[in-house]
Protein chains: 2
Amino acid sequence: MDEDPPVPETRVLAVASHVVSGYVGNKIAVFSMQSLGCDVAALNTVQFSNHTGYGQWTGSKVSAQEISDLFRGLKQSYLDDFDMMLSGYVPGAEALEAVGRIAKELRDVSRENQKPGSFFWVLDPVMGDNGNLYVARDVVPVYRSLVPHADLILPNQFEAELLSDVKIEDMASLGRAIQVMHERYAIPHIVITSVSLTHPDHPVSSLSVVGSTMTSDRRARSFKIVFPAIDCYFSGTGDMFAALTVVRMREAVCATPGLSGVVSWQSGDEVDALDLPLAKACEKVLASMHEVLTKTREAMRRGEGEMVNGTGTDGEEKKRQRLVRSKAAELRLVRHLDSLRFPKVKFHAARM
Amino acid sequence: MDEDPPVPETRVLAVASHVVSGYVGNKIAVFSMQSLGCDVAALNTVQFSNHTGYGQWTGSKVSAQEISDLFRGLKQSYLDDFDMMLSGYVPGAEALEAVGRIAKELRDVSRENQKPGSFFWVLDPVMGDNGNLYVARDVVPVYRSLVPHADLILPNQFEAELLSDVKIEDMASLGRAIQVMHERYAIPHIVITSVSLTHPDHPVSSLSVVGSTMTSDRRARSFKIVFPAIDCYFSGTGDMFAALTVVRMREAVCATPGLSGVVSWQSGDEVDALDLPLAKACEKVLASMHEVLTKTREAMRRGEGEMVNGTGTDGEEKKRQRLVRSKAAELRLVRHLDSLRFPKVKFHAARM
């Protein structure tokens with residue numbers, strides 16, 4: 001019964017939003033990493049009643065000053081001994097700069113200690129989706145300035161466009177965007193989640209995750225994992241993906257002799273794209289994601305009968321139904337712990 | 001592999017403190033309940049860098065107004081459909097009154113809907129320990145006014161004295177304190193954690209948990225569970241105990257036909273103290289606690305060699321060692337998930 005966690009003792013600093021009810025930001029990331037054995041320090045950048053996809057919420061944001069103060073509090077009590085950091089949604093440019101200073105300080109300390117690979121920053125550059133920016137304009141240049149200090153970024157398709165200045169229209173232009181990001185930012189690992197581009201090889205209504213670990217001369221080593229789309233919009237999937245990537249990347253790197261002592265856990269040039277620890281990590285992450293999303297969709301279907309009991313004609317009733325649907329689409333994580341812990345890999349990395 | 005959670009779908013509102021690093025308050029309660037399958041809404045009453053036992057921390061408290069606002073945010077989006085509520089540390093009398101209003105409102109709604117047993121409030125009256133009050137004086141009367149609205153309280157020995165006005169010096173006076181609380185507050189379920197009273201029947205250096213579910217005429221039905229003490233001071237144990245009690249109480253009640261539809265899940269007068277669902281729940285909670293504390297103590301012992309590498313003479317070094325010891329005593333929860341999920345019951349409820 002007592003299955004060991006997949007990673008050795010790992011202290012992670014997770015900086016993202018907190019919602020009282022539901023599963024986005026740190027609310028989903030912290031549990032995902034804890035359930036896989038990580039000791040997570042959760043620095044919450046907001047406390048909202050629920051995620052903004054509901055269209056209404058209460059609560060407040062944490063200031064840049066308070067973010068810096070909380071980190072100072074950790075430092076003064078020797079609680080800043082982090083192996084990894086995950087940063088997600090941060091409200092505003094000033095607060096994001098504060099988070100960037102924390103990451104750079106942790107990075108500098110690990111370099112001073114001459115322990116390559118002892119600190120790894122997973123940066124989720126949360127800016128927008130599907131062509132819409134949902135942060136202030138001045139946040140974009142801050143992310144561009146921070147990416148060179150990160151080890152792994154997880155932009156979605158739109159965010160990859162913002163970082164690369166490449167218009168992504170097909171798998172070929174996606175590949176170019178990845179190459180541009182490796183070259184421009186020297187960012188070692190890139191994962192682009194939920195790519196919805198069609199390709200002759202892909203089944204209809206499939207999505208892909210595309211990843212790459214660059215070589216020593218910044219050439220992309222790209223792979224894709226194609227999986228069937230689920231016909232529903234879920235919030236928090238990006239946050240869950242990022243959190244699981246933290247754990248599974250560490251697991252895959254620890255399974256590769258010597259790699260955890262290499263700067264940014266960057267595989268030697270002889271390693272093929274399909275053999276990258278990043279590819280192995282993404283396969284497991286995607287397996288967990290697909291199981292949880294499938295189970296969430298099933299539970300939604302079971303609940304749909306009771307949802308449509310209003311007339312649906314007046315505005316109040318329509319609003320109520322929209323809110324009830326948002327709640328039903330919250331990821332069913334806590335009742336499917338084994339999907340996180342023991343995912344069954346069904347979709348494998350393939351060449352681009 | 002896929003073990004079902006011990007409880008049916010359960011939505012819990014957890015109101016307590018949040019620490020970035022470490023395991024007290026909601027930081028330990030939320031994970032404990034989530035890992036057992038509960039959908040937990042976490043309303044954080046503070047965000048501190050670490051628990052106050054370190055002697056220094058940064059961060060801030062959430063105001064009474066913000067607590068009320070967050071609950072209003074939940075209500076307006078139909079997210080207030082809670083089966084249970086757990087309230088822990090709340091900073092100050094005004095904020096505690098706000099939390100009390102939330103609990104009373106949830107209770108009133110469940111009564112209006114004529115669904116007895118559909119809402120259950122576990123109230124941890126956090127006031128102090130070992131004779132020391134660590135909240136403001138004016139918090140005590142607020143707790144006294146709230147206890148009659150709760151279903152289960154978990155005072156420690158000192159808090160039981162404050163609520164009962166009985167000086168607890170031995171198992172007999174402890175029993176009187178429980179009887180007074182049942183009578184005075186009509187509180188159905190009481191659990192007193194970490195009782196350190198000696199008794200001719202108990203082994204040396206043992207502790208007890210003492211619980212009682214009252215009868216219809218407010219008579220105590222008390223049991224005790226005696227277990228070996230662990231020679232170390234841990235923070236967060238009360239919060240973990242309370243969180244696990246939420247889940248295991250619901251589990252035990254669901255296993256008793258008809259009981260989940262009874263007001264306050266109060267067993268019929270014919271049920272013996274040792275057969276109470278509360279006794280079954282406490283046995284499992286204590287089993288989990290004892291496993292996690294034992295493993296934490298073992299890990300501390302392994303780490304003690306490296307800790308004593310300073311001279312220990314000057315003040316700075318002493319302070320550093322104290323801080324490092326505080327960190328080492330943080331409960332090792334996340335790497336012992338199966339101790340939460342599948343506890344092996346070794347200590348059984350006995351008659352008082």
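Residue numbering restarts at 1 for every chain, and letters A, B, ... go by the order of the sequence lines.
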**Request:** Under 4.5 Å, counting heavy-atom pairs only, tell me which of B:Gly59, B:Ser60, B:Gly37 racks up the most with chain A.
**Result:** B:Gly37
**Message:** Applying salt bridge (Lys or Arg N to Asp or Glu O under 4.0 Å) as the test, list every pair that has at least one member in residues 14-23 of chain A; sequence neighbours left out.
**Reply:** none
**Request:** Show the numbers, then the answer: is there a side chain to side chain contact (heavy atoms under 4.5 Å, CB included) between B:Tyr54 and A:Leu79?
**Result:** CA-CA 11 Å; B:Tyr54 285 79; A:Leu79 296 169; 3.7 Å; yes
**Asked** Taking the side chain as C-beta and beyond, is there a heavy-atom pair between B:Arg332 and A:Glu9 under 4.5 Å?
**Response** yes
**Fill in**
Residue pairs meeting ring pair (Phe, Tyr, Trp, His ring centres under 6.0 Å), one or both in residues 62-91 of chain B, sequence neighbours left out, come to none
**Item:** A:Phe48 versus chain B, the contacting section by heavy-atom distance below 4.5 Å
**Value:** backbone
**Asked** For A:Val40, is it the side chain, the backbone, both, or neither that has a heavy atom closer than 4.5 Å to a heavy atom of chain B?
**Response** backbone
**Engaged part of A:Asp81 at the chain B interface, taking heavy atoms whose separation is under 4.5 Å** = side chain
**Request:** Among the options A:Gly22, A:Gly55, A:Ser35, pick out the one with the most heavy-atom pairs lying under 4.5 Å from chain B.
**Result:** A:Ser35
**Modelled atom types, side-chain donor and acceptor of B:Arg72 and A:Ser49, under 3.5 Å** = no
**Prompt:** Looking at B:Val62 and A:Gln47, what are the two nearest heavy atoms and their distance?
**Reply:** CG2-NE2, 4.0 Å
**Asked** Tell me, side chain or backbone of A:Pro6 under 4.5 Å from chain B's heavy atoms, or both, or neither?
**Response** neither
**Fill in**
Applying a strict 4.5 Å limit to non-hydrogen atoms, the region of A:Arg11 in contact with chain B is side chain
**Prompt:** Among A:Asn50, A:Leu13, A:Leu333, which has the most heavy-atom pairs under 4.5 Å with chain B?
**Reply:** A:Asn50
**Asked** Is A:Leu323 close to B:Gln76 at the side-chain level, that is, under 4.5 Å between some pair of heavy atoms?
**Response** no
**Prompt:** If you count the non-hydrogen atoms of other residues, nucleotides and ligands that lie under 6.0 Å from CD in A:Glu94, is the total more than 12?
**Reply:** no
**Fill in**
Note: vs chain A, highest number of non-hydrogen pairs under 4.5 angstrom among B:Asp69, B:Leu43, B:Thr58, B:Val20 is B:Val20
**Request:** Would you indicate whether the side-chain heavy atoms of A:Leu337 and B:Gln34 approach each other to under 4.5 Å?
**Result:** no
**Message:** Out of B:Ala41, B:Ala42, B:Ser21, return the one with the most heavy atom pairs under 4.5 angstrom to chain A.
**Reply:** B:Ala42
**Message:** Using side-chain heavy atoms (C-beta onward) and a distance below 4.5 Å, is A:Ser77 in contact with B:Gln56?
**Reply:** yes
**Asked** Looking at A:Arg335 and B:Asp39, does any basic side-chain N land under 4.0 Å from a carboxylate oxygen?
**Response** no
**A:Phe31 and B:Phe31 aromatic ring geometry - parallel, tilted or perpendicular at 30°/60° bounds** = tilted
